[in-house]
Amino acid sequence: MSAFAFAFPAVLTALVLLPVIWWLLRLTPPKPVTEVFPPFAILASILKREETPSQSPWWLTLLRMLMAAAVILAIADPVFNPRTSTLATGGPLVLVVDNSWAAATDWKQHVETASMLIDDAESRDLPVSLVLTADRQQDAVPVDAVTARNRLAAAEPRPLPADRKAAVAALRTALDGASPGTIAYITDGMAGEATDDTVAALQALSPADFRLIAGDGAPAVAVTAAANGADALSVTLTRLDGGAARSLPLTAHDGHGRPIAAGTADFAAGATTTTGTITAPFELRNDFARITVDGLANAGGAYLLDDGFRRRRVAFLSGEVVDNTQPLLSPLHYINRALAPYADLIEPSIADLSVAIPELLEQNPSVLIMADIGRLPGDVQDKVKRWIEGGGMLIRFAGPRLAAAPADDPLVPVMLRKGERALGGALSWSEPQPLSAYPANSPFFGMRAPENILVKRQVLAEPTPDLADRTWASLADGTPLVTTGPLGAGSIVLFHVSAETGWSNLPLSGDFVEMLRRTVQLSRSSGAAAKGGEQAKGLPPYRLMTAGGTLAAATGEARPLVADGAKKIASFDNPPGLYGTEDGYVAHNLFPPGHEIRPLALPEGAAIQREPLAGKETWSLKPYLFTLAAVLLLADCAIVLLMGGAFAAAARRVPKRGATAAMLLALAAGTLAGLPSESRANDAKPGDKVLMSRLDTTHLAYVVTGESDVDRISERGLAGLTEFLTYRTTLEPGEPVGVDISRDELALYPIIYWPVSASAEMPSSTAISRIDAYMRNGGTVLFDTRDQFTSLDGNATSPNTERLQAILANLDIPPLEPVPADHVLTKAFYLLSNFPGRYAGGPLWIEAELDRKEDPSRPARAGDGVSPIMITGNDFAGAWAIDANGMPLLPTVPPDDVQRDHAFRAGVNIMMYMLTGNYKADQVHVPALLERLGQ
């Protein structure tokens with residue numbers, strides 16, 4: 001590749017005109033012939049002859065020559081390190097573009113590179129086949145350059161690995177045996193699978209020219225695991241470039257996105273994996289919700305945490321006296337060894353249960369484990385019962401004491417038979433029983449089938465209709481091994497065997513560790529993530545990760561996640577994010593633990609033309625040459641004016657006007673001295689031009705939250721309402737405007753739509769004060785929490801509603817009421833009985849008219865003013881949002897075209913109510929007024 005070239009070399013032929021330009025600049029008119037006229041002889045001796053130079057100075061001519069040369073060279077567009085622009089013409093241009101998570105950091109350069117290639121194909125009249133490897137649907141049919149450019153403009157990076165096999169298969173089907181001209185593979189430089197043969201598969205299509213275009217893969221880093229240890233959080237990372245040593249800062253964020261702790265991860269020279277640490281107290285680590293690598297704005301640099309990540313505080317005690325000389329005979333020994341890596345364990349300091357149990361409960365544990373404890377003292381039993389009802393979890397292990405306890409013990413999940421069942425003893429006909437497979441409603445579902453575990457003794461449960469639903473594990477003969485039952489907000493779990501090896505060899509197996517760990521992680525988690533049956537059916541997507549590593553509302557084609565405990569790579573069906581509900585969720589990350597990212601494999605001995613991404617090294621001299629020519633032109637003008645005496649004439653005029661100028665300066669100085677500093681500044685403020693352009697047209701405005709998906713739906717929703725208003729009413733609003741409430745002028749807009757998002761940054765007190773002043777001055781804010789659908793899950797307050805409450809707590813708002821049936825809003829343009837959006841059923845709250853006198857004969861209420869605030873949860877923008885073709889972006893819930901039409905009508909009524917106010921209110925009274933006048 002040449003280091004220097006001209007984009008339009010033919011223009012350089014104009015340089016041959018430079019001698020002509022030189023000759024023209026030096027050319028002077030012929031000397032006039034002098035004819036003596038006698039009457040002028042005397043005058044000739046008086047008047048001073050004006051002398052005209054025969055040629056311009058050489059240095060001025062040289063300056064003008066340089067200016068002409070700079071213009072010619074600028075038009076020729078000299079470029080350093082120009083890209084290769086020749087395409088093979090034997091077939092279509094094939095563009096294979098990786099739009100995976102790793103391409104998010106330099107996606108703009110990916111698009112610029114592909115655009116340049118499409119431009120080259122258009123100039124040669126070649127069709128273009130565009131394939132995006134991280135998209136679910138692959139359309140590789142060659143199209144014209146305009147269509148390909150539009151598809152490229154609509155493309156965006158995905159928070160997923162590239163699916164190159166599907167892309168190559170679609171390309172092979174589309175070409176149907178025809179050979180492409182040029183294949184340009186714009187890759188993220190990362191291997192997709194263990195055997196990634198994408199390059200070889202593309203070369204097998206027999207292109208006339210193959211180009212591999214890649215950026216710098218050094219920044220590619222992904223977080224693959226996070227473990228909450230006893231003293232710190234350990235974070236596992238993998239990188240693509242195993243070159244020089246590198247240190248990366250780590251940040252832990254809470255559920256609201258606030259950074260609360262920091263750490264570092266250091267890659268050794270040549271290493272591709274490392275483990276970093278974030279040191280923080282146990283209580284603070286339990287608030288971690290997301291781990292990010294600072295400076296990496298992609299899905300690989302973020303790792304989501306769920307409730308299962310948090311360490312529990314577990315209290316445990318036994319009914320036996322602990323013999324420190326024989327720890328293997330103590331049931332607490334096996335519990336301690338199983339839970340020590342995953343929980344903070346606390347033991348009583350005294351053997352007296354009436355003192356030990358209250359002492360443990362005062363330390364606020366998540367789980368209380370009792371090994372072979374029979375009936376508790378009455379007062380202690382009541383305390384434990386109240387603790388469980390408040391949300392605690394009690395785990396009990398059987399033993400001789402529990403087997404001899406009364407049958408009416410309230411702290412067991414099922415009714416027990418008194419005594420114990422012996423299997424395989426000298427007086428028993430039955431053999432020790434193995435375990436059966438774990439049922440689907442069990443949190444142990446997904447574990448491997450239990451092997452080599454035998455139970456010799458157990459306590460039996462009385463058969464009841466709900467015994468199967470309460471059984472998490474059972475023996476091969478169907479008798480329960482682990483049962484559970486709710487008690488208030490908490491739960492009780494019973495292992496029907498002892499916690500030591502006297503009754504079974506379960507405590508010696510790895511299943512015992514995993515069963516205890518999963519059971520403990522269910523404590524204080526009553527949501528979807530804690531219900532094994534719901535996990536087997538699938539958890540719905542709650543919040544999904546974007547390619548930039550942030551969380552957004554679940555949209556698109558994501559399917560429910562089957563949380564069977566197996567960690568998998570994110571896919572089209574299950575992109576990274578949180579699955580479940582706001583009450584409980586499971587984190588599904590981009591890569592499972594132990595995954596390593598590797599460079600893209602290239603076939604040995606293959607002739608591959610490698611190129612960098614556009615904008616990396618290529619740069620043009622055109623703007624610099626045009627700037628130089630402009631500077632030389634200004635210098636030439638100044639020199640000509642100076643030589644013509646323009647400045648001298650101005651200097652001669654200064655004395656004549658000196659008094660006037662001095663008088664004006666003195667007057668200005670005296671005036672400014674008496675004004676405040678703000679008045680002395682220029683009246684034109686930044687943004688005045690934009691403000692003036694918006695004064696003559698009504699614009700609908702929305703609050704920019706900083707979340708791309710939410711802001712896009714708001715913008716497209718107001719665009720849809722604008723189009724509906726234009727076609728159905730005489731109002732013709734302009735394009736929707738996104739406003740920053742902290743600094744933009746709000747008085748230009750009659751109403752501002754505010755989509756409330758709990759994950760967005762909380763507005764500052766200054767911004768809220770500006771909103772308060774806006775509403776006091778006659779503006780209206782329409783708050784939309786977009787959470788009406790959560791009413792189907794119960795009466796719990798959603799995070800969006802909680803954020804709205806936090807915002808309104810700092811606003812001076814009037815009393816509110818749902819829109820009455822006879823309010824002017826119900827008949828401002830359309831006759832409406834409700835105000836649905838994407839969801840229906842939620843009321844629209846407005847300012848209450850508390851001092852109104854009821855008059856049933858009046859057709860409408862007296863609208864003495866427009867409500868400064870409106871609140872809904874029906875997601876108006878979601879119902880109004882349309883794409884560039886006018887098609888709805890989001891479905892209504894339930895899908896109903898009539899509901900969407902009513903949502904648009906509700907938007908029209910709101911706008912008419914906002915813009916007409918008292919006029920509309922008075923218009924609906926006209927029939928009654930005419931009737932009274934007739935009387």
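Owing to the predicted nature of the structure, the values given are computational and were not obtained by experimental measurement. Values reported hereafter were calculated over all heavy atoms of this structure, with side chains retained and with hydrogens, waters and symmetry mates removed.
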If we ignore hydrogens and angles and just use 3.5 Å, is the side chain of [X] paired with the main-chain N or O of [Y] as donor and acceptor?
X: D711; Y: V704; value: no
X: S129; Y: A140; value: yes
X: D98; Y: D188; value: yes
X: R124; Y: A88; value: no
X: R151; Y: D139; value: yes
X: E707; Y: D709; value: no
X: Y702; Y: I713; value: no
X: D883; Y: L889; value: no

- Strictly by modelled atom types, are T105 and N298 linked by a side-chain donor-acceptor pair under 3.5 Å?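 Short answer, no.
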
- Query: side chain to side chain donor-acceptor pair (under 3.5 Å) with S123: which residues, sequence neighbours excluded?
  - Reply: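 Residues passing side chain to side chain donor-acceptor pair (under 3.5 Å) with S123: none at all.
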
- Item | Partners passing side chain to side chain donor-acceptor pair (under 3.5 Å) against D209 (at least two apart in sequence or in another chain) |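 With neighbours one apart ignored, the set is R211.
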
- Criterion side chain to side chain contact (heavy atoms under 4.5 Å, CB included) on D241 and R246, from CA distance to verdict: CA-CA 10 Å; D241 180 16; R246 186 180 180 189; over 6 Å; no

- State plainly whether the residues D135 and R158 are in salt-bridge range, i.e. N to O under 4.0 Å. yes

- Task: Please collect all salt bridge (charged side-chain N to carboxylate O under 4.0 Å, His left out) contacts where either partner lies in residues 627-639, sequence neighbours excluded, each pair once.
- Result: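 Applying salt bridge (charged side-chain N to carboxylate O under 4.0 Å, His left out) to every pair that reaches into residues 627-639, excluding sequence neighbours, yields R64-D636.
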
